[in-house]
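For reference, the structure is listed below as C-alpha cells.
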Amino acid sequence: MKTPRDVTILALLGFTPCVIAFCRIDDPRTWWSIVVSAFVSLAGFYVTKRVIPLLKVYTLKRGLFGKDINKRGTKSGEKHIPEALGLAPGIVFLVCIILFQQLHYYDAASVLHRIGNGGSQKIFSKQPITEAWLVDYNAALATICFMLFLGFADDVLDIPWRVKLLLPSLASLPLLVAYSGGTSIVIPKPLRGVWSMYRKATVY
C-alpha cells in the first residue's frame, strides 16, 4: 500500500515536466493565461471540497443514499452512503470551464492589470475568436450538462440500463452536429497491407 510520502513523490515527478515546459513559454499572453487558469482550477478544487459535505447533508435528509453491498452483514454495510454527490464537482467544473472561455476571449494580462489599477481601465484587451470555435466549445458544454443531468436523474429515478445505454448517444449529438473538422481516418503504415488484403477479400 502506498504511503502519503510515495504519493507526494509521484505527484512531484509528474509535475516537474509541466514546470519545465511552463518556464520555457515565451508568449506572455499564454503564460498569464496558464497562471490564471491554474488559480481558477485551484479555487474550483477548494469550492468542491467545501460543497460536497454540504450536499451530503441535503442528500441524506432527502433519502438519497445507498449501502455498500460488498460489506453486507457488517457494521460498515449498514452505513448510509450519500448519492448524487457528483453534482458538486460537476457544477464547479462547468463554472470553471465557462471562466476558461472568458479568459480565452479576454486577455488575462489585461484583466489582472485592470484589477491592479482598481478598475480604472475601461476596456479589456480582446482576442479574436472564430465562430466555429465558440460553437464547438458551447456544444461541448451542452454535452457535459446533459451527462451531468443524466447522472443526477439516474441517482434519483434509478433509470434502467437499456435507457442509460441510449441517453449518452443523445447527449453526444450537440458535439457531433457542431463538429466541422475532418472525418477521414488515416491508417498506420504497418497496417495498410493488412487493410488492403481485407478489402480485396471482402470484394472477392
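Just so it is clear, the structure is predicted and the values come from calculations on it, not from any experiment.
Using a 4.5 Å cut-off on side-chain heavy atoms (C-beta onward), F93 and T48 make no contact. Residues I159 and L150 are in side-chain contact: their nearest non-hydrogen atoms beyond the backbone lie under 4.5 Å apart.
In plain terms, the two heavy atoms of T59 and P82 that are nearest each other are OG1-CB, 3.4 Å. Contact record, V135 with A178: CG1-CB, 3.6 Å, taken as the closest heavy-atom pair. Across every non-hydrogen atom of S41 and F100, the tightest pair is OG-CZ, 3.5 Å.
At a threshold of 4.5 Å between side-chain heavy atoms, the hydrophobic network of Ile, Leu, Val, Met, Phe, Trp and Tyr places L85 and F149 in two separate groups. Tracing side-chain contacts under 4.5 Å through hydrophobic residues (I, L, V, M, F, W, Y), one never reaches I144 starting from F45; they form parts of separate clusters. I97 and V92 fall into different hydrophobic clusters, where Ile, Leu, Val, Met, Phe, Trp and Tyr are joined by side-chain heavy atoms under 4.5 Å apart, directly or via other members. Linking Ile, Leu, Val, Met, Phe, Trp and Tyr residues whenever their side-chain heavy atoms come within less than 4.5 Å leaves V47 and Y58 in two separate clusters. Cluster annotation: L175 and Y137 are assigned to distinct hydrophobic clusters (Ile/Leu/Val/Met/Phe/Trp/Tyr, side-chain heavy-atom contacts under 4.5 Å, transitive).
With values rounded to the nearest 0.5 angstrom, E83 atom CD is found 11.5 Å from L55 atom CG. The CG atom of L148 sits 9.5 Å away from atom CZ of F152, with the distance rounded to the nearest 0.5 Å. Going from atom CG of L94 over to atom CD1 of I91 covers 7.5 Å, rounded to the nearest 0.5 Å. If you take CG on L167 and CZ on R162, they are separated by 12.0 Å, rounding to the nearest 0.5 Å.
Side-chain atoms of T143 come within 3.5 Å of backbone atoms of A171 as a donor-acceptor pair (strictly under, hydrogens ignored).
Counting non-hydrogen atoms of other residues, nucleotides and ligands closer than 6.0 Å to NZ of K164 gives a total above 12.
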